[in-house]
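Each remark here refers to the structure printed beneath this line.
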Protein chains: 2
Amino acid sequence: MKRNSINSASTTEEKIKNAAREVFLKKGYAATRTRDIAETAGENLALINYYFKSKENLHRIIMLETMGAFINTMIPVFNNPDTSLDEKIEQIVSNYTDLFLDRPDIPLFILNQINQNADKFLDHVQVKANIMQSHFFVQLAKKLKNSTYSPMHFFISFMGMIIFPFAASPMIQGLRGSSDAELKAFLKERKELVPAWAKLILKA
Amino acid sequence: MKRNSINSASTTEEKIKNAAREVFLKKGYAATRTRDIAETAGENLALINYYFKSKENLHRIIMLETMGAFINTMIPVFNNPDTSLDEKIEQIVSNYTDLFLDRPDIPLFILNQINQNADKFLDHVQVKANIMQSHFFVQLAKKLKNSTYSPMHFFISFMGMIIFPFAASPMIQGLRGSSDAELKAFLKERKELVPAWAKLILKA
DNA sequence: AAAAAAGTTAATCAAATGATTAAATCAATC
DNA sequence: GATTGATTTAATCATTTGATTAACTTTTTT
């Protein structure tokens with residue numbers, strides 16, 4: 001019978017899934033060996049197939065979970081009818097920064113998924129409905145009614161300012177010669193800066 | 001003897017290198033099969049090893065070339081003592097947009113390289129000297145002397161606004177429901193927008 | 001034109017890799 | 001506590017994959 005008490009991530013199945021998450025996000029699907037996952041989990045190789053049927057299926061599970069983490073950070077804020085545009089901007093930056101500080105491999109993993117399998121990403125999350133028709137985009141459209149650029153242009157720049165620093169963090173670290181802690185501090189500073197810049201751009 | 005007339009990319013060696021560039025940039029090192037490269041090149045599998053010794057060596061060559069394309073777009077502009085800060089901003093955006101419109105796979109390829117092998121990237125290009133001590137950064141530091149944020153923060157946001165749209169282009173296409181041509185037009189519009197926003201941020 | 005060098009090909013090798021199996025161990029239900 | 005079912009293990013399989021080889025062809029040199 002399966003251990004299932006207080007979900008202490010201590011069942012074999014959970015150990016494997018956690019190991020798979022770690023390795024897949026760090027190295028990508030093709031570079032990941034099932035033996036890497038087994039070793040990282042400290043479990044026998046055959047248990048991967050016993051619990052998850054195949055490498056591909058295990059990856060599918062990790063991918064959907066990770067996409068979920070990415071999207072669920074966005075959707076509720078986007079579709080909250082009770083917050084102002086400025087509040088939404090602050091919350092998006094804050095939520096994503098917290099998520100990526102905790103899980104820095106997510107941005108590049110998602111970008112790679114989007115490029116390898118755009119349909120799966122777009123379908124899975126119904127991004128179109130949840131973003132293009134969100135309250136956020138309605139507010140943006142109103143704000144930019146007389147502007148020279150579209151809400152999409154703002155959105156892309158906004159997301160770029162949030163996500164790019166994490167996807168390029170080893171470069172930042174190299175340029176600044178900073179430790180892991182200093183890098184984190186630098187990235188955290190952007191919680192204040194990015195919203196300020198975003199609002200500035202919107203006023204233009 | 002090697003054909004070497006007008007460099008029409010028609011020698012076997014060039015065909016293989018072009019095929020390798022195409023496949024490596026699209027799928028990454030681990031997901032690329034040497035047989036993919038041979039098939040894409042329309043040449044015999046053994047010729048890859050005949051001309052390039054190993055898959056790894058061929059990838060090294062492509063990687064260094066691609067890093068070169070990325071860096072050489074930046075360095076000359078950064079270190080030009082005869083242009084203003086605003087002019088540098090315009091040129092960087094323009095040069096990178098042109099490069100990525102032509103070769104859209106570069107951004108994600110570089111980001112992956114940076115994350116898999118930061119040292120090689122930083123060493124190879126002497127990024128630190130060429131960027132941190134560039135004329136551009138001197139101008140930035142002067143401009144931001146009394147600002148609340150550092151040149152690095154600006155630089156990262158600036159690069160994010162330029163690069164992110166290309167790394168996330170399939171998402172943009174999905175959201176807008178746009179054709180390849182429409183996507184290109186959208187990305188080209190940013191040649192005007194991003195410099196305007198960058199200057200705005202600098203004034204703050 | 002003969003000899004040598006360069007280029008190309010199909011076949012094959014050895015290692016890596018995802019997956020499976022059958023036996024062994026552990027847990028829980030009667 | 002014996003039995004049944006779930007879990008774990010080591011060994012093995014079949015395929016894929018990067019690389020090599022040896023024969024063959026084309027090109028260059030003498």
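Naming: A, B, ... by sequence-line order, numbering from 1 per chain.
Proximity of B:I106 to B:L25: side-chain heavy atoms (C-beta onward) are separated by under 4.5 Å at one or more points.
Within the 4.0 Å cut-off from OP1 or OP2 of D:dG18, at least one side-chain nitrogen or oxygen of B:T34 is found. Neither OP1 nor OP2 of C:dA16 sits under 4.0 Å from any side-chain N or O of A:R33. The phosphate of D:dA10 (OP1 or OP2) has a side-chain N or O of A:N44 nearer than 4.0 angstrom. The side chain of A:T12 places no N or O atom within less than 4.0 Å of a non-bridging phosphate oxygen (OP1 or OP2) of D:dT7.
Taking the six-membered ring for Trp and the full ring otherwise, A:F166 and A:Y96 have centroids separated by 6.0 Å or more.
The nearest whole Å value for the distance from the CG atom in A:N49 to the P atom in D:dT12 is 18 Å. Here the P atom of nucleotide D:dT8 and the CD atom of A:E13 are 10 Å apart, to the nearest Å. What separates CG of A:L58 from C1' of C:dT17 is a distance of 16 Å, to the nearest Å. In this structure, B:L45 atom CG and D:dA19 atom P are separated by 10 Å, rounded to whole Å. Here the P atom of nucleotide C:dC26 and the CG atom of A:L47 are 14 Å apart, to the nearest Å. Rounded to a whole Å, the CD1 atom of B:I37 is 8 Å from the P atom of D:dG18. Spacing between atom NZ of A:K55 and atom C1' of C:dA16 amounts to 12 Å, rounded to whole angstrom units. The distance from atom OH of B:Y51 to atom C1' of D:dT20 is 17 Å, rounded to the nearest whole Å.
The backbone N or O of A:K26 sits less than 3.5 Å from a side-chain atom of B:Q116, completing a donor-acceptor pair.
Tested against A:N57 for a side chain to side chain donor-acceptor pair (under 3.5 Å), the candidates A:R60, A:K55, A:K53 yield a single pass: A:R60.
In the interface, the side chain of A:R35 is paired with the base of C:dG18 through a donor and an acceptor atom under 3.5 Å apart.
Nearest to the side-chain atoms of A:A46 among the listed nucleotides D:dT20, D:dT9, D:dT8 stands D:dT9. Distances from the side chain of A:Y50 to the nucleotides C:dA19, D:dA6, D:dT21 place D:dA6 closest.
Rounding to the nearest 0.5 Å places NZ of A:K27 at 14.5 Å from CG of B:N115.
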